[in-house]
Amino acid sequence: MALLEVRDLQIYYPVRSGWFGARRYVRAVDGVSFDVESGETVGLVGESGCGKSTLGKAIVRLETPRAGSIRLAGRDLGRLNGAELRRARKNFQMIFQDPYGSLNPRLRIGRALDEVLALHTALSPAARRLRAAALLEQVGLRAEALDRYPHEFSGGQRQRIGIARALAAEPKLIVADEPVSALDVSVQAQIINLLQQLQRETGVAFLFIAHDLAVVEHISARILVMYLGRLVESGPSHEVCARPRHPYTAALLSAVPVIDPDGKKQRIVLEGDVPSPLDPPAGCAFHPRCPQADERCRRERPELRADDHGRAVACFHPLTTEPCSSREGGLS
């Protein structure tokens, strides 16, 4: 049994046009299913607005699904409320995109960490202080940071504090929502390496949400590719990035900057904009931008179908060759 099991998850937001207009729905997440194993990092990628952050928030119960289920270690999180949900939060935590916005500017760092420890542990105040100092040292900060305020730290340091706070409850799963997108490239590498080190030390599993495939490939064992609220491809990271099967994945990969001295890499430019989740197109949602769409793609919606090699793709005409060459580089 997987640590995290998401099945047919739907998150719709109601929208009404005028006083007497019919109620319509923004389909932010539209029937998503996937698993995350214990100690595994799964990357979730897609353009802005595809629903990946909404999906991450639903997993940690910050959004309420319309349908579907989320099970963590066999327990249905959707059935938990009140004190039972507060106790269960010990097992799942979140690292937010904005490290400053996720910290209370009026609280010293020690107080911010103590709130989590007081809620999820039976430690005495003195023991909690020692544990908070150890958490900061675990993420590469000095214990003296406990007595400082969030504004006294850099963006990378604040993100380390956010990671320490997520680790304080000793969770089984951490949802990392674009944790490095607001940071400089050099700092991104430091945070990614830190997350990998912490995973080796603690065995925590990550759902790593990002729009940068180069970052996701570096940290993840598997990749899920999301488009307009649905998964369109999944598989082992190195295989998805070396041989993408969905045209959308190929386009994302072609946009990743790489060293290309021979000029062999071809940029795949998608025409048009991402359709509105309020009024998605019939058939395959990607067909208005797909260079190989045909009449069937306009009429029918392809389902995500898995093969015998751990790959899955939602496409009637999956790619069989590597359209993006000269993929080198990564984080260091």
Side-chain angles (χ1 to χ4, degrees), residues 39 41 53 56-57 60 62 86-210 212 215 218-220 330-332:
T41 298
S53 291
K57 290 177 181 177
V60 297
L62 296 179
R86 285 194 295 273
R87 288 192 297 269
R89 288 192 184 279
K90 173 182 175 64
N91 295 318
F92 57 91
Q93 293 290 308
M94 192 166 194
I95 301 170
F96 295 91
Q97 177 178 0
D98 181 2
Y100 188 72
S102 63
L103 295 170
N104 188 332
R106 297 184 178 183
L107 294 185
R108 298 179 191 271
I109 300 307
R111 177 73 182 279
L113 294 176
D114 186 72
E115 286 185 338
V116 181
L117 293 169
L119 181 63
H120 294 298
T121 73
L123 298 174
S124 67
R128 293 200 302 267
R129 174 82 178 184
L130 292 175
R131 174 62 178 153
L135 284 167
L136 289 181
E137 292 176 358
Q138 193 174 13
V139 298
L141 296 175
R142 295 181 179 179
E144 63 190 37
L146 290 172
D147 298 316
R148 296 163 62 187
Y149 289 94
H151 72 268
E152 299 180 66
F153 297 90
S154 68
Q157 289 173 325
R158 285 195 290 263
Q159 195 59 287
R160 289 174 183 267
I161 295 168
I163 294 169
R165 188 175 59 178
L167 289 171
E170 299 182 351
K172 297 177 181 178
L173 172 74
I174 292 178
V175 176
D177 184 17
E178 305 256 15
V180 298
S181 63
L183 306 176
D184 293 338
V185 174
S186 60
V187 181
Q188 287 184 13
Q190 295 172 17
I191 297 299
I192 293 297
N193 292 335
L194 173 62
L195 293 177
Q196 291 178 314
Q197 175 187 336
L198 293 172
Q199 186 176 58
R200 289 191 295 268
E201 294 174 354
T202 66
V204 66
F206 287 105
L207 177 64
F208 190 92
I209 301 170
D212 189 336
V215 173
H218 182 78
I219 193 174
S220 305
L331 297 177
S332 60

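Count residues from 1 along the sequence.
- Atom OG1 of T202 and atom CD of E170 lie 9.0 Å apart (nearest 0.5 Å).
- Rounded to the nearest 0.5 Å, atoms CZ (R129) and OG (S124) are 13.0 Å apart.
- Note: D114 CG to L119 CG = 11.0 Å, rounded to the nearest 0.5 Å.
- The CD atom of Q157 lies 6.5 Å from the CZ atom of R148; values are rounded to the nearest 0.5 Å.
- For the pair R160 and I191, the minimum side-chain heavy-atom distance is below 4.5 Å.
- Scanning both residues, D177 and M94, for their nearest heavy atoms gives CB-CE, 3.6 Å.
- L146 approaches R108 most closely through the heavy-atom pair O-CB, 3.7 Å.
- V187 and G156 get closest at one heavy-atom pair: CG1-CA, 3.6 Å.
- Between the CD1 atom in I192 and the CZ atom in F208 there is a gap of 3.5 Å [rounded to 0.5 Å].
- No donor-acceptor pair closer than 3.5 Å links the side chain of K57 to the backbone N or O of L62.
- Between I95 and L195, the closest side-chain pair of non-hydrogen atoms falls below 4.5 Å.
- In this structure, the side chains of H120 and Q93 come closer than 4.5 Å at one or more pairs of heavy atoms.
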N/O donor-acceptor pairs under 3.5 Å from side chains in residues 137-144, not counting sequence neighbours:
residue	atom	partner	partner atom	Å
Q138	NE2	E201	OE1	3.4

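- Using a 4.5 Å heavy-atom threshold, the side chains of L135 and L167 count as touching.
- Residues S181 and Q97 have side chains that bring a donor and an acceptor to within less than 3.5 angstrom of each other.
- Q199 places a side-chain N or O within donor-acceptor distance of the main-chain N or O of G39, the cut-off being under 3.5 Å.
- With sequence neighbours left out, the side chain to side chain donor-acceptor pair (under 3.5 Å) criterion links T121 to no other residue.
- Side chains of N193 and Q190 form no contact here, defined as non-hydrogen atoms less than 4.5 Å apart.
- Residues A164 and L113 come closest through the heavy atom pair C-CD2, 4.0 Å.
- Nearest heavy-atom pair, Y149 versus R106, reported as atom, atom and distance to 0.1 Å: CE2-O, 3.4 Å.
- Atom CZ in R158 sits 9.5 Å away from atom NE2 in H151 (nearest 0.5 Å).
- Between A169 and K90, the closest heavy-atom pair is O-NZ, 3.1 Å.
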- Query: After noting the C-alpha distance and the side-chain angles of H218 and V215, does the key distance pass the side chain to side chain contact (heavy atoms under 4.5 Å, CB included) rule?
  - Reply: CA-CA 5 Å; H218 182 78; V215 173; 5.9 Å; no
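- Evaluated for a side-chain contact (heavy atoms from CB on, under 4.5 Å) with P150, the options N104, I109, L107 yield exactly one hit, I109.
- Judged purely by atom type and a 3.5 angstrom limit, E115 has no side-chain atom pairing as donor or acceptor with the backbone of R111.
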